[in-house]
Amino acid sequence: MLQECDRPIGVFDSGIGGLTVVQEITRLLPNEQIVYFGDTARVPYGTKSKESVIRFSRDNMNVLLRHNVKMVVVACNTSTSWALNILKREYAIPVIGVIEPGSRRAVAATRRKRIGVIATPSTVNSRKYEETILRMARGAKVFQKACPLFVPLVEEGWQEHRVTEAVAMEYLAAMKKNGVDTLILGCTHYPLLKTVLQKVMGRGVTLVDSAVETAHEVQNLLEKQKLMRQNQHPPKHQFLVSDEPEHFRVVAKRFLGHDLPHVQRVVF
Ligand code: DGL
């Protein structure tokens, strides 16, 4: 029988973007084993309603539970916005999202308490980042902006393309005018745009990558609950998707810089 701590960590996302979170978890915790589920049949979540995102998030949890995971990381910002509290209540294993860790980091980093959040339209509509930041830093000013074109630009591989830079200048103009000193990348795909975003915002603005902060949160939780994997055999990660795996593999290579060995299609 597998010891409880040797069970894998489950990570889900609406599609491919959650691999940025997987990358940070495996960098920080190389002995942990991961089961990743990307709901590629129903991506994007960022333009969907609250009700749909909650229903999809429950389905994703159920897929991961069939793989005997010890905890779940909701890597998708949109799912975290609408469904994290519900999933925490409904499931017996620990569930963590990406909004608290990213917000905490931003609050620690800001000098003038002027924090920007860029995210999908659905995440922005939920106002979850704003609510979380204001709970942590009363009196802070939060400026949000939905940037729906960033996701397809990243998936196209146009991370540093001049078109992406032009789009970023358009999206971020008001943010700059408002004098934010810290910008939260509130969507799984945006860490891949760091170079362009830093250039557009200027060197004085701190970019907060939720993926990095979330990996630290995973580490804290595993330590606190004595759930760190003890097995010393190299971990074998598993990648699951709800649509055909080929496209996922192509875009994953763009995200990770290397091939994913096995991507399997699952049904709900
Ligand atoms: N994973 C989503 C998020 O972080 C971005 C992609 C989508 O819209 O589904 O919000």
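Position 1 is the first residue of the sequence; numbering continues from there. The analysis underlying the following values was restricted to heavy atoms, covering all of them including side chains, and did not include hydrogens, waters or symmetry mates. When a ligand or atom number is given, it counts from 1 through the structure's own listing order. Only a predicted model underlies this, so the values are computations on that prediction, with no experimental measurement involved.
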**Report entry** Partner residues of Ser52 under the side chain to side chain contact (heavy atoms under 4.5 Å, CB included) criterion, sequence neighbours left out
**Finding:**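 Residues passing side chain to side chain contact (heavy atoms under 4.5 Å, CB included) with Ser52: Lys48, Ser49, Arg55, Phe56.
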Using the benzene-type ring in the case of Trp, are the ring centres of [X] and [Y] under 6.0 Å apart?
X	Y	answer
Phe239	Phe37	no
Phe255	Phe248	no
Tyr190	Phe150	yes

Requested in this report: For Glu90, enumerate each residue passing the salt bridge (charged side-chain N to carboxylate O under 4.0 Å, His left out) test, keeping only those at least two apart in sequence or located in another chain.
Outcome: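 With neighbours one apart ignored, the set is Arg58.
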Query raised in the report: For Glu246, what residues pass the salt bridge (charged side-chain N to carboxylate O under 4.0 Å, His left out) criterion, not counting sequence neighbours?
Result: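 With neighbours one apart ignored, the set is empty.
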Output block, N or O contacts of ligand 1, threshold 3.5 Å exclusive:
unit_1	atom_1	unit_2	atom_2	d
ligand 1	1 (N)	Asp13	OD1	2.8
ligand 1	1 (N)	Ser14	OG	3.1
ligand 1	1 (N)	Thr188	OG1	3.0
ligand 1	4 (O)	Asn77	N	3.0
ligand 1	4 (O)	Asn77	ND2	3.2
ligand 1	4 (O)	Thr188	N	3.0
ligand 1	4 (O)	Thr188	OG1	3.3
ligand 1	8 (O)	Tyr45	N	3.4
ligand 1	8 (O)	Gly46	N	2.8
ligand 1	9 (O)	Ser14	OG	2.6
ligand 1	9 (O)	Tyr45	N	2.7
ligand 1	10 (O)	Thr78	N	3.2
ligand 1	10 (O)	Thr78	OG1	2.6

